[in-house]
Amino acid sequence: MAQEADPPPPPPKRRRRKPKLGDTRQLFARLREQLAAGTASLADLAKLVAEGLEVDASVIYVTRPGELLELAATWGLNIGAVGHTRLRLGEGIIGITASSGDIMNLADAQNHPRYVYRAETGEEAMASMLAVPVKRAGRTLGVIGVMSKEARTYTTVEVESLATVAMLLAEILAKAGAIDVSDEGFSETLPRRYGGHVLSGGIARGKILPYGAAAPIARLLTDDPETELKRLDEAVETANKHLDGLIAANTPGGSASRDVLEAYRMLAQSSGWLSQVREAINDGLTAETAVDKVARSLRERMRRITDPYLRERLADIEDMIGRLMVALGGMAPKPERADGMILLVRRLGPADLLDWHTRGIAGVAIEEASQSGHAAIMARALGLPALQVDRGAVENAQEDDDALLDAEGATLILHPEPEVIAVYDRALESRSQRAATLASYRDRPAITKDGTELKLMLNVGLALELDQLERTGADGIGLYRTEIAALAAGGIPDIAGQAAEYGRVLDRANGRPVQFRTLDLGADKLLPGEPAPTEENPAMGWRSLRVALDRPAILRRQLRALLLGAQGRPLSIMFPMVATVEEFRTARDLLEAEAARIRPAPERLDAGTMLEVPALLFQLPGLLAEADFISVGTNDLLQFLFAADRGTPELADRYDTLSAPVLELLEKLVTYCQEAGVPLSICGEAAGRPLDALAFAALGVTTLSMSGNAILPVKSVLVEADLTALRPVLRELRRAGAAGGSIREPLAVWAREHNLPI
Ligand code: PEP
Ligand code: MG
């Protein structure tokens, strides 16, 4: 694309007035004319923008091989700088805009700490700057900026207008071939690394599959707003019909949740965003471009909002936007197969993860997830490498980019260099060697050096995980999450189906103990088709046993199925999310009522409870008199103890199981349970972390239940450990850490000094 030769255009000299909506409309109309005529050059565009927004200068930078940005056009700055001025990605305001993907709106750009001065541009006369990244299908193609001599912050209308021009510019660049987006040399094909947190260990190599980002929009501008408004109305109607379907399917006969859904619909429709979309269509954008534009500015606002209530409300609108984009054809449906691919998503529920697993993915990176969230648990159950990845990855990845998911070192690498691939291949090799070493522990009993006998049990939820009983030599199943099969099946099976499943589990356990947990649905474990909870705090909402006790029919059916499946064999059942002894008693009474009707009666029937709600800790005498066993669910217990959502990545490292308050709680619990003669186990994810398991064993917990891939690593540490030597060290560390911080590091140092394979 040719840049106009001299003479350099004089900077426009006009008194600034507030841009009106009409200006934007005019700007888009002129852009459309130029695009339609196929004559648009970058220089024309720079001029149009400067005039349209009434600024003193505009610049267009495009990405060049080697992570560079080159000045490709300007209006108002020295034209001689075009083709010469270059900035590295991350250098100066333009470079930061490109690397962060964020809009920069600076009243005093030259005093920004990372401002970089380029004398050849003549930009010293400019005070303020507004820079917007130019992106297409997740790739940053350049940056468009406007500048003014006057120090001022640009208005929302100006920011949104320039953001829309940036969308158009992306299409112009791609169509005109100024940028070949498939060119190997561009910065997007250089390696890019994203950090995060490991959700499920492992390494995967494959093509990336970003899902959930909007697809490139084929038609951006229109001269027929009427038709576009009609398309929008039809899409709104389609989205509403879908919502109607959800309401009808989930609230037979009408109920409180119908009101909630209706309220959601009202909110999604009534808030000003739909009129913003209409306004943008009247400005000359197609329906999907207009929805996309409003979505972008919404996301920008969401980033700045910390109030969780407001965030949720905006998320509701974002959900509606997603539905509209699908209805308008601006978002792709799921692909049939995704064999060997690395899925990259913003959020993911366990049912969806399972769905993707059946489509063949080799690993998954999720922007909003945490270690004890259910997607993570599901990934571990499936042995699928999974990573919580830094925000921005979804936005910046392009389908079919080469990727390396390192869910050991907590990194996602797009376009890894050959040398890096070679390093990972070696790592894969050493992993298989370690697996061979661990396998040698399979048949050894879990007895520590000081002679403490431990039971290492499995957490499972899917039939395919039962193989792990043999593979790991586990002592039994400490937590059978019955809801996982329901999530996998897309609904709760009938009594016969459930009984057959539970019977098969007991068959496979072959006399080893199994603790079945009744359905723990709700919060992030939603059956397909169920609407996302509209409660403010679903994890603390109407879920799990709370629903079961209010609507006992489902629980009674499940208890009957468990008794039938046992066929006279010993049966252990535990209830999730118990908050009071009374709740436990009610659930146990239901079990006994069912048990009285079923023959053959189980040889032994135990009713226990999960300990996940802190209030239960203050009812221990009553609880221990009634419960046959207790299993601590550290995932939920910690989130309620520290008031820290288990699904929030920002909190993932903030509070630790290995800290004085948690260890003190567990120590007291051990003493109480021992005195009452009630078996105690820990089945939260912490039990599967070798260092945590070591500390729990030192506190006197003798049964630990964990996912299959944790059994051998935990056992390999415990059998080499001397708990008698560890106890005084642990006491000292707890004293030193009385302020509540983590004692993980010093404990790990001790473990390594004692040659434990941590
Ligand atoms: C827990 O909360 O620790 C637990 C084991 O239950 P879930 O992870 O299924 O909520
Ligand atoms: Mg739980």
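One-based numbering, in listed order, for ligands and for the atoms of each.
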>> Quick check on contacts: which atoms of ligand 1 are under 4.0 angstrom from a heavy atom of T634?
In response: 3 (O)
>> Below a 4.0 angstrom heavy-atom separation, can you tell me which part of N459, side chain or backbone, both or neither, approaches ligand 1?
In response: neither
> Can you find an N/O atom of R517 closer than 3.5 Å to an N/O atom of ligand 1?
Replying inline: yes
> Hey, is ligand 1 close enough to R481 that some N/O pair sits below 3.5 Å?
Replying inline: yes
>> Show me which atoms of ligand 1 lie under 4.0 Å from any heavy atom of L479.
In response: 5 (C)
> Do any N or O atoms from the side chain of E664 and from the backbone of A660 form a donor-acceptor pair under 3.5 angstrom?
Replying inline: no
> Should the pair E470-R442 be classified as a salt bridge under the 4.0 Å nitrogen-to-oxygen rule?
Replying inline: no
>> Show me which atoms of ligand 1 lie under 4.0 Å from any heavy atom of G684.
In response: 3 (O)
> Backbone or side chain, does any N or O of D636 fall under 3.5 Å from an N or O of ligand 1?
Replying inline: yes
> Could you give the distance from CZ (R654) to OG1 (T648), rounded to the nearest 0.5 Å?
Replying inline: 11.5 Å
> Could you state the interatomic distance from CG (L438) to CD1 (I711), rounded to the nearest 0.5 Å?
Replying inline: 12.0 Å
>> So for M610, does at least one of its heavy atoms come nearer than 4.0 angstrom to any atom of ligand 1?
In response: yes
>> I'd like to know if the Mg ion (ligand 2) has an N/O/S atom from E612 within less than 2.8 Å of it, counting both backbone and side-chain atoms.
In response: yes
> If you check every N/O/S atom of D636, which is the one nearest the Mg ion (ligand 2)?
Replying inline: OD2
>> Can you tell me how the ring of F575 sits relative to the ring of F584, calling it parallel under 30°, perpendicular over 60° and tilted otherwise?
In response: perpendicular
>> If the condition is salt bridge (charged side-chain N to carboxylate O under 4.0 Å, His left out), which residues does R604 pass it with, not counting sequence neighbours?
In response: D606
> Just which atoms of ligand 1 are under 4.0 Å from any heavy atom in C683?
Replying inline: 5 (C)
> Is ligand 1 under 4.0 Å from a heavy atom in the side chain of V632, in the backbone, in both, or in neither?
Replying inline: neither
